[in-house]
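Written below as structure tokens is the structure these notes are about.
Below, chains carry the letters A, B, ... as their sequence lines are ordered, and counting in each starts from 1.
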Amino acid sequence: MHRYRTHTCGALRPDHAGQDARISGWVHRKRDHGHLLFVDLRDQHGVTQCVADSSSAVFKILDAARPETVLCITGKVVPRSAETVNDKLPTGRIELVAKDAEVLSEAAVLPMQVAGEQEYSEEMRLTYRFLDLRREKMQQNLLLRSAVIASIRRRMWEAGFVEFQTPILTASSPEGARDFLVPSRIHPGKFYALPQAPQQFKQLLMTSGFDRYFQIAPCFRDEDSRADRSPGEFYQLDFEMAFVTQDDVFNTITPVLAGVFEEFGKGRPVTKAPFPRITYADAMLKYGSDKPDLRNPLLVSDVTKAFEGSDFNLFAKNIQKGAVVRAVPAPKSAEQPRSWFDKLNDWARENGAGGLGYVIFGEGMAAKGPIASKLSPERLKMIAETVGVGPGDSVFFACDQEEVAAKFSGLVRTKICDELGLLDKEKFMFCWIVDFPMFERNKDTGQIEFSHNPFSMPQGGMEALTTQDPLTIKAFQYDIVCNGVELSSGAIRNHRPDIMYKAFEIAGYTQADVEARFGGMLNAFKFGAPPHGGSAPGIDRIVMLLADEPNIREVICFPMNQQAMDLMMDAPAELPPEKLRELHIGLRLPPPRKD
RNA sequence: GGGGGCGUAGUUCAGUUGGUUAGAACGUCGCCCUGUCACGGCGAAGGUCGCGGGUUCGAGUCCCGUCGCUCCCGCCA
């Protein structure tokens, strides 16, 4: 008999009745009847009920074992009588009559319970993550994560991709998020950086002649956390393809993603390939977001014309100053009480808007509401037709400068959808967002900057850069969005040094700047680089969607908390002076807080 | 850096208009119980009400400050 187990805790069935078996695992629950004791022993694979009565030699050992004690129990597999079968457990038709028991590891009194549905603060869960991870939901989430990654690997291999690892200690990148830095012992005063993404390396692999590369790549960014953004580090399905157009990239990765979501989506419908493509401009207009949740059926419309020169002075004056009006329909809301509209108005104020104008279309399209009387029948008709509403619907308005109005109308769209319960949650709805602008004007400095990845190829290439207003140039830059979550950004890259110099020149960088910052990659492109492009869907976010978890930390084994601290390992931590000396580092700390 | 929410037993929470000894559940410990599977019954221990200050005859409760956790904004090429 094996030292620890002949079966896992999920394996035994009535077929095994009469056999001697040995199982090892954690004490999940105990039911103590005085002279009869039930112990549920748990491992990754399941739970098995073990039983002993007070005449048994092992009774004392089992009786003394606290929950989460690790036991090895040997005994006879016995079928349960009809009245004692437990249909909730796969092993519920048998039990193990304990003949021998060994404590493999004693458990102290627990700070949090593993069995049961009790909810615990995240602080508690992360401090005792090893206990938290024993719980059923977390086991499921992480097993799902493992299976998703395995499936992605298989699908990528089948699509002809090869997997490589790229450096973790690399150079700081001047664009993008803050880097995590690692001091060099050998080179005083110099630092490595952890990669924000293997961006340049994957482009160099293309230049090295590999046709299709992928990697489940760790990425490090020193940015503040969000529910869908773990601080510090996360994983991407990083991939890149040579000699491809944007369509080739879409056609290659769409079946991978659709396949993974169909495989693990538990029957929830998934957008069929090809995924719809929405231009960035359209997304901002119709959804008020560059990551629209297509499960939300509402569409935003521009109704500036209906308010231009109208008697509703507030909007009319703003329009003269360049503002636009965006409208969000609220189907079948005309019967909502006045308080419903007032509540939404308050909500708008809390979210930084002046308020939320609305018109209610009653029976026969009779318009009601505070601003309805200021709008002529023609204007009201224009609004109803543009927005696509009829009797019984209402329409909400956001009036501001275009960018602000677009963003706020997106918030309103989400809010109205929530209020009216219009979101179809049991779906995965994908889309590509395409035609991102290449450049944008920095609101504070007035400078023209890259709006996304500086390595993206401008649409129209060199000609566009030399002849077009930079702010009108689009890039071969795209995002993939699922249920309002941005899964990844990608692009057809700029593999031409001449076009790169020009693009950077427009963003205010000299040739020397570009060489200093991106010398490695730029140099490589001077020796023959294939046209290439790719993307990098976020693994954690994919698993989060599939697990139906609202928080990305639910699908990460050992995440840091919002303050970027690992409560279990106690990181970050101070270092002894000799270690700092070795790294040529002196501390200049902020003054201590007054107490 | 800014805003919202939360902070009471080991844990999750309740705690009325400011008023006697701050409660419940789970967990822990003890006793009883031979068919439970969220076993049950009886009992016990367990509290700096995050911390500091203030108002008051009296503060878990009101005020000010501060710390911690979390969600959001900024940030995230």
Side-chain angles (χ1 to χ4, degrees), chain A residues 28-42 47-56 59 64 66-68 78 80-89 91-93 95 97 107-128 131 173-179 196-197 199-200 219-232 234 291 350-352 407 411 436 438-440 443-444 449-456 475 477 479 486 489-491 503-504 507 517-518 536 538 550-551 553 561-563 565 567 593-595:
Chain A
H28 189 62
R29 275 205 175 91
K30 280 164 54 181
R31 290 171 297 282
D32 182 355
H33 292 246
H35 292 287
L36 183 71
L37 176 63
F38 298 100
V39 175
D40 292 339
L41 207 63
R42 183 200 71 238
V47 174
T48 299
Q49 173 167 284
C50 305
V51 63
D53 71 37
S54 53
S55 64
S56 160
F59 186 85
R66 268 195 291 257
E68 299 308 311
V78 171
R80 299 204 206 174
S81 66
E83 316 86 70
T84 61
V85 161
N86 183 353
D87 288 324
K88 289 186 222 159
L89 287 180
T91 60
R93 305 187 74 80
E95 62 193 354
V97 178
V109 173
L110 301 170
M112 61 181 282
Q113 289 157 247
V114 173
E117 300 300 310
Q118 174 82 266
E119 288 192 30
Y120 295 93
S121 71
E122 194 150 70
E123 192 175 9
M124 175 70 45
R125 293 177 56 201
L126 294 181
T127 305
Y128 299 99
L131 291 177
S173 66
E175 300 286 324
R178 272 187 295 275
D179 291 309
Q196 296 185 23
Q199 181 66 40
Q200 293 191 61
C219 304
F220 305 89
R221 295 178 193 174
D222 186 3
E223 290 300 327
D224 290 337
S225 89
R226 289 288 184 277
D228 65 353
R229 203 164 78 202
S230 187
F234 60 96
K291 41 181 180 176
E350 281 163 24
N351 283 276
K407 214 171 161 185
L411 279 181
F436 278 84
M438 183 81 193
F439 300 101
E440 64 189 9
K443 279 188 294 266
D444 301 326
E449 299 177 342
F450 289 108
S451 58
H452 281 80
N453 190 324
F455 306 129
S456 299
Q477 165 90 34
D479 281 2
E486 181 192 316
S489 246
F504 273 92
R517 287 158 195 246
F518 308 107
N551 189 304
R553 295 187 291 274
N561 71 359
Q562 189 163 29
Q563 274 65 242
M565 296 186 298
L567 299 174
R593 282 210 187 87
K594 293 173 273 183
D595 280 312

Below 4.0 angstrom from OP1 or OP2 of B:U36, is there any side-chain N or O of A:Lys88? no
Any side-chain N or O of A:Arg553 below 4.0 angstrom from OP1/OP2 of B:C71? yes
Taking any heavy-atom pair under 4.0 Å as a contact, classify A:Asn551: base, sugar-phosphate, or nothing. sugar-phosphate
Counting only Watson-Crick pairs (N1-N3 plus N6-O4 or O6-N4) and G-U wobbles (N1-O2, O6-N3), all under 3.5 Å, who is the partner of B:G43? B:C29
Candidates B:G35, B:U12, B:C71 - which lies nearest the side chain of A:Thr84: B:G35
Name the nucleic acid region contacted by A:Arg29, choosing base, sugar-phosphate or nothing; use a 4.0 angstrom heavy-atom cut-off, strictly under. sugar-phosphate
Name the closest nucleotide to the A:Asn561 side chain, picking from B:C76, B:U70, B:G74. B:U70
Would one find a side-chain N or O of A:Asn86 under 4.0 angstrom from OP1 or OP2 of B:U36? no
Heavy atoms from C-beta onward define the side chain here; which of B:C33, B:C76, B:U36 lies closest to that of A:His35? B:C33
According to a strict under-4.0 Å criterion, is A:Arg31 in side-chain N/O contact with OP1 or OP2 of B:C39? yes
Please measure how far the P atom in B:G10 lies from the corresponding atom in B:C6, and state the result in whole Å. 22 Å
Complement of B:C6, any strand, by Watson-Crick or G-U distances under 3.5 angstrom: B:G68
Is any side-chain nitrogen or oxygen of A:Arg80 closer than 4.0 Å to OP1 or OP2 of B:C37? no
Answer yes when A:Asp224 and A:Arg229 have at least one side-chain N-carboxylate O distance shorter than 4.0 Å, and no when they do not. no
Compare the ring of A:His33 with the six-membered ring in the base of B:U36 and state whether they stack (centres under 5.5 Å, planes under 30°). no
Does a nitrogen or oxygen in the side chain of A:Gln562 sit under 4.0 Å from OP1 or OP2 of B:C71? yes
Please state whether the phosphate of B:G68, meaning OP1 or OP2, lies under 4.0 angstrom from any side-chain nitrogen or oxygen of A:Gln563. no
With both distances under 3.5 angstrom, what nucleotide forms a Watson-Crick or G-U wobble pair with B:G1? B:C73
For A:Glu122, all residues meeting side chain to side chain donor-acceptor pair (under 3.5 Å), sequence neighbours excluded: A:Arg553
Output yes when at least one side-chain N/O atom of A:Arg229 is less than 4.0 Å from OP1 or OP2 of B:C75, else no. no
Once hydrogens and angles are ignored, does a donor-acceptor distance under 3.5 Å link the base of B:U70 to the side chain of A:Glu123? no
B:U70, OP1 or OP2 - any side-chain N/O from A:Ser121 closer than 4.0 Å? no
Check whether more than 12 heavy atoms from other residues, nucleotides or ligands sit under 6.0 Å from atom NZ of A:Lys30, and answer yes or no. yes
Look at the side chain of A:Arg66 and the base of B:G27, then say whether one donor and one acceptor between them are separated by less than 3.5 Å. no
For B:A38, does either OP1 or OP2 sit under 4.0 Å from a side-chain N or O belonging to A:Gln113? no
Quick one: sort the A:Phe518 and A:Phe455 rings into parallel, tilted or perpendicular, breaks at 30° and 60°. perpendicular
